[in-house]
Each structure stands twice: as C-alpha cells, then as structure tokens.
Amino acid sequence: MKQPKIKLIVLAIIAILLITIFMLIKVSSNNWEYVIPRRAIKIVAILLTGGCIAFTSMVFQTITNNRILTPSILGLDSLYLFIQTAVVFLFGSSTMTMMNSNINFLVSVALMVLFSSILYKLFFNREDQNILLLLLIGIVMGSFFSSVSSFMQVLIDPNEFLIIQDKMFASFNNINTNILTISLIIVAVVSIYVTRYSRFFDVMSLGRDQAINLGIDYEKVVRNMLIVVSILVSVATALVGPITFLGLLVVNLAREFLKTYKHSTLITGSILLSIISLVGGLLIVERVFTFSTTISVIINFVGGVYFIYLLLKERRAW
Amino acid sequence: MVEVKNITKQYGGKKVLDNVSLSVEKGKITSFIGPNGAGKSTLLSIISRLIKADSGDVIIDGQHIDKAKSNDLAKKISILKQANNINLRLTIRELVSFGRFPYSQGKLTDLDEKMVDEAIKYMELEDMQHKYLDQLSGGQKQRAYIAMVVAQDTEYILLDEPLNNLDMKHSVQIMKVLRRLVEELGKTVVIVIHDINFASVYSDNIVALKNGKIVNDGPAKKIINRKVLKSIYEMDMQIEEINNQRICVYFA
C-alpha cells in the first residue's frame with residue numbers, strides 16, 4: 001500500500017530537482033534579473049502542458065478502456081493546426097498578429113470542443129460502441145485536417161508560412177506567452193470541475209457494463225470527460241504545439257512504474273513523469289544539443305522506441 | 001418486484017425482442033432459457049439498464065428505471081455479464097471492494113470493509129483474497145465476480161450465463177451459492193442459462209424465450225415437460241424423474 005506513495009515522493013523530488021537545476025543553471029549576479037523571469041515563464045508553461053497532456057491521456061485511456069491510445073487519435077491537434085492555417089490562409093498572417101491571441105485561442109478551443117462533441121455523438125453514444133471505428137475515423141479525420149492544412153500551406157506566401165510553422169512544432173522557446181494567463185485560468189477551472197468526477201475513474205476502468213452496474217451515469221461522464229480532454233488538449237497545443245505523443249509515454253511509464261489501478265496515484269504519477277521528461281528534455285536540448293534539435297524530436301524518439309517495446313510486450317501478455 | 005412491460009428492441013431491422021412482458025417473482029431464482037439468439041441476454045441487459053429498449057418499460061419496485069438515479073439503482077439491482085474482460089491487474093479483494101462503490105463512492109468505511117469481508121467469506125475466497133485475478137482459474141474467477149455482486153448487496157441479482165465455461169463441479173458450486181443467496185439472504189436471482197437441467201433442478205421459475213418472444217413461463221416443473229420443451233427447442237427430448245428432479249435427456 002505504501003509503496004506507490006514513496007514512488008510518488010521520489011518522482012516529486014526528481015521533478016523539483018530538475019526544475020531547480022533548470023532555473024539556476026548558469027545564473028550569475030549580473031544576469032539573474034533577465035534570466036529568472038524568462039525561465040519561470042517556461043517552467044509555468046511546462047507545468048501546464050505537462051499536466052494537461054498527462055491528465056488527458058490517462059483519462060482518455062480510461063474512457064476508451066484502451067492502453068495504447070492518446071487523444072491525438074481523435075485528430076484534435078491536427079484540427080488545431082488546421083484552424084490556425086485556415087485563419088492565415090483566409091485572412092492573411094496580419095490578422096494573426098493583429099488578432100487578440102486570447103480570442104484566437106478561445107475560438108480554437110470552442111471549435112475543438114464542438115468537433116469532439118460531434119465525434120462523441122457519432123461514436124460513443126451507442127451501445128455497440130466500436131473503438132476500432134472511432135480510431136479509424138479519428139485517423140482519417142486527422143490526416144484529412146493535416147492534408148488540407150498542408151495544401152493551404154503550399155498555396156500561401158512563404159512568409160506567411162513561417163508564421164504557421166512556428167505553431168507546427170512543439171517548442172518551449174516560442175511559448176505563446178500571451179495566452180499563458182488565460183490558460184492558467186482555464187486549467188484551474190477545469191481542474192475544479194474534474195475533481196467532482198475523479199472518484200469515477202477507477203470504476204470507469206472496469207469497463208462500461210461494470211461502471212453502469214455500479215451506478216455511474218456512464219454516458220454523461222464519458223461525454224463530459226471528452227469535452228474536458230479536448231479543452232485541455234487545446235490548451236497544451238496552443239501553448240507549445242502538438243506533443244500528445246508524450247502522453248502515451250508518461251501514462252504507460254506511470255502504469256509500469258507505480259503498478260496500481262488507482263487513478264489518484266496514476267494521474268499524479270504521470271503528471272510528475274510528464275514534467276520530469278519535459279524539463280529533462282528541455283535541459284538536454286538547451287545544454288547538450290545547444291538548440292540544434294527540438295524537444296519534440298527527442299520525445300518522439302524516446303516515445304517511439306518505448307511504443308515499439310510496448311507493442312512487442314503486448315504480443316506476449318498484459 | 002421487477003416488472004417488464006411491452007419491451008421491444010430492434011437491431012438493424014431485426015426484432016431481437018418483440019413486445020415482451022413479464023414479472024419476476026421476489027425471493028426466487030428465475031431462469032431465462034431458450035435457443036441462441038432468442039433475446040435472453042438482451043432482455044437481461046435491458047432490465048439492468050445496460051441497453052436501452054426501443055419501447056416499453058422496466059419497473060423495479062414500482063419505480064421506472066429511466067427515471068431512477070443510476071446510483072440508487074445500483075443499490076437495488078446488480079448485473080454480471082458473461083464477458084468480464086477487465087484489463088486491470090486487481091486482486092480479488094480489490095475487485096470485491098468495487099462492489100461497495102454505490103455506497104461509499106470509493107472511500108471504504110468500516111461497514112464497507114465488513115461487507116467485503118463477508119462477501120469474500122460467503123464465496124469461500126478468504127485464502128486467496130490477495131491473489132490477482134489473472135492467477136485464478138475460471139471457477140475461482142467467477143466466484144470472485146459473484147463475491148463482488150454479493151458485496152454490492154442488492155435485492156435483485158442478474159447473471160448472464162454464470163456457468164459459461166465451467167466444469168460440472170464448479171457449475172454446481174455456483175448454483176448452490178445462488179440458491180443460498182435466495183434462501184439465506186432473501187435475494188431475487190435472475191439468470192440466463194443454457195443447460196436446461198441446471199435450470200430444472202435449481203430454479204423456481206423458468207421463462208422460455210424464442211425469436212424475441214416469451215413462449216412460456218411459470219414454475220420450473222411446468223416448463224420442464226416434453227411438449228413445452230419441444231416447442232422451444234424444436235427437438236424431442238426424454239424427461240426422466242430422478243430423485244424427484246426432472247432431468248432432460250437430449251443427447252439422442
């Protein structure tokens with residue numbers, strides 16, 4: 001019983017240690033005024049995205065009852081890029097720079113929530129809900145959005161394309177600081193809302209039939225959680241770009257490491273792991289590779305290797 | 001009492017249940033029998049709100065299940081489906097503790113712990129309560145799931161083919177437990193079952209379904225009869241009285 005708690009404390013210590021290193025490395029008395037606030041903003045963004053991604057992946061796996069999915073399967077992040085590209089394509093990049101980023105952000109969030117509600121209506125709200133069908137549609141929609149995006153990107157002026165390119169890759173060096181405050185508010189509100197549902201997660205992971213048998217309003221919980229997932233994915237994507245692959249990595253690491261089914265422990269663990277890998281990855285990018293690569297490359301590489309390992313292991317047994 | 005009124009359910013134009021009405025007697029074991037595809041499992045799922053009927057009503061103790069709160073229903077009626085592919089690594093005790101969720105919402109009180117202990121004891125799983133589900137045999141696993149339902153402590157217990165894939169010894173063990181649930185704890189048990197001899201020996205009432213309709217229902221003795229069974233299964237079977245129990249011989 002006690003073991004997971006100790007492991008969580010260890011993870012928390014590592015996370016705090018890494019954050020401290022990140023904040024204090026190469027700080028001297030004459031540059032700290034400049035360095036510390038900028039690094040603090042990065043850390044806040046990391047905490048937000050790391051938390052969002054870990055939480056959404058865990059919840060998404062629970063409601064779909066599948067351990068190798070992440071919300072990116074719904075095509076949510078390609079939808080985000082599609083919206084951004086469409087804005088530039090239709091109105092030009094000047095609108096993008098002129099437009100209040102909060103409004104842009106809220107519109108994107110609203111569209112993504114709308115999109116996932118439609119997906120929910122079509123695929124979750126049925127008794128014979130078929131997860132393979134959902135996956136297939138998600139993948140098709142995802143590649144549809146990215147194909148249309150790249151089509152528009154080819155047509156637009158190369159200078160305008162640069163604006164979009166900024167958003168295409170996850171990066172903590174051009175964090176969208178304008179929306180940091182509103183993201184914080186949204187995440188705080190959503191977190192308060194989610195605590196009402198947190199006690200359902202363990203039961204949800206027993207599957208639909210058992211969850212209903214134990215008195216959970218299954219359809220309602222799934223619908224509301226799907227909306228929460230799409231809001232939080234929008235926050236993470238808008239802040240740094242698409243890195244939902246990270247979710248698969250940290251959620252499964254958390255499961256392997258903590259060896260429990262309790263979501264309170266699992267979610268905390270995966271959030272901590274997510275922060276550790278983001279801060280750690282960023283340290284490697286900045287100090288070892290001196291910015292010659294991006295964090296998404298590192299995460300996708302490590303995540304990809306782990307994913308293959310997972311598939312090979314899956315073939316044998318759970 | 002569970003009352004089912006004019007239930008109809010269609011899948012892609014095919015009527016799985018066609019205007020089915022019945023009432024389940026309290027404090028008895030009721031078995032649903034019938035050929036494959038007769039709609040037995042669907043009916044059970046509709047009664048337990050896992051599936052929504054296209055039309056018709058299910059009324060449990062005077063309350064319509066669509067209007068009742070799901071959590072309140074979970075204290076009144078429980079269902080165990082045949083496919084229990086839970087892909088979590090749980091011990092028996094952890095699984096049984098889930099049965100208390102409707103009461104405790106995940107935070108077990110002393111009373112909940114006591115109920116879990118009793119349920120485990122009732123199913124004779126004390127020695128292995130800390131074993132993981134994937135280390136258990138089919139019979140032990142089924143007992144663990146039934147222990148969860150016992151811990152849920154509902155008046156009505158619905159089981160979809162509880163004997164599926166079990167050998168005779170374990171089948172008898174499960175059926176005896178169900179009998180005890182009815183006689184000692186006053187529960188009402190409804191099962192879907194394929195082996196008509198188990199239905200004949202262990203149940204009080206039998207409901208026979210065929211092609212989405214109830215073709216016959218009543219006390220077990222009345223249903224286990226050559227003519228009735230022929231109309232249900234379209235095969236002739238011999239019925240022998242052994243030790244005052246009606247046994248069907250259908251192998252020839």
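In what follows, every chain begins at residue 1, and chains take the letters A, B, ... in the order their sequences are listed. The figures here come from the full heavy-atom set of this structure, side chains too, leaving out hydrogens, waters and symmetry mates. Predicted model only: the values in this text are computed from it and were never measured.
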Heavy-atom pairs under 4.5 Å with chain A, option from Gln152(B), Lys107(B), Lys69(B) with the top count: Gln152(B)
Are [X] and [Y] side-chain neighbours, meaning at least one heavy-atom pair lies under 4.5 Å?
X: Met148(B); Y: Gln210(A); answer: yes
X: Arg89(B); Y: Tyr261(A); answer: no
X: Arg100(B); Y: Leu214(A); answer: no
X: Asp209(A); Y: Ile79(B); answer: no
X: Phe101(B); Y: Ile216(A); answer: yes

Check the surroundings of atom [atom1] in [X]: do more than 12 heavy atoms from other residues, nucleotides or ligands lie under 6.0 Å from it?
X: Asn211(B); atom1: CG; result: no
X: Asp72(B); atom1: CG; result: yes
X: Tyr193(A); atom1: OH; result: yes
X: Lys75(B); atom1: NZ; result: yes

Closest contact, heavy atoms only, Arg49(B) versus Asn213(A): NH2-O, 3.7 Å
Closest non-hydrogen atom pair, Arg208(A) against Leu50(B): NH2-O, 2.9 Å
Residues of residues 26-40 of chain B near chain A, each having a heavy atom less than 4.5 Å away: none
Proximity breakdown for Leu158(B) and chain A, heavy-atom pairs closer than 4.5 Å: neither
Inter-residue atom distance Leu88(B).CG - Arg67(A).CZ, 0.5 Å rounding: 9.5 Å
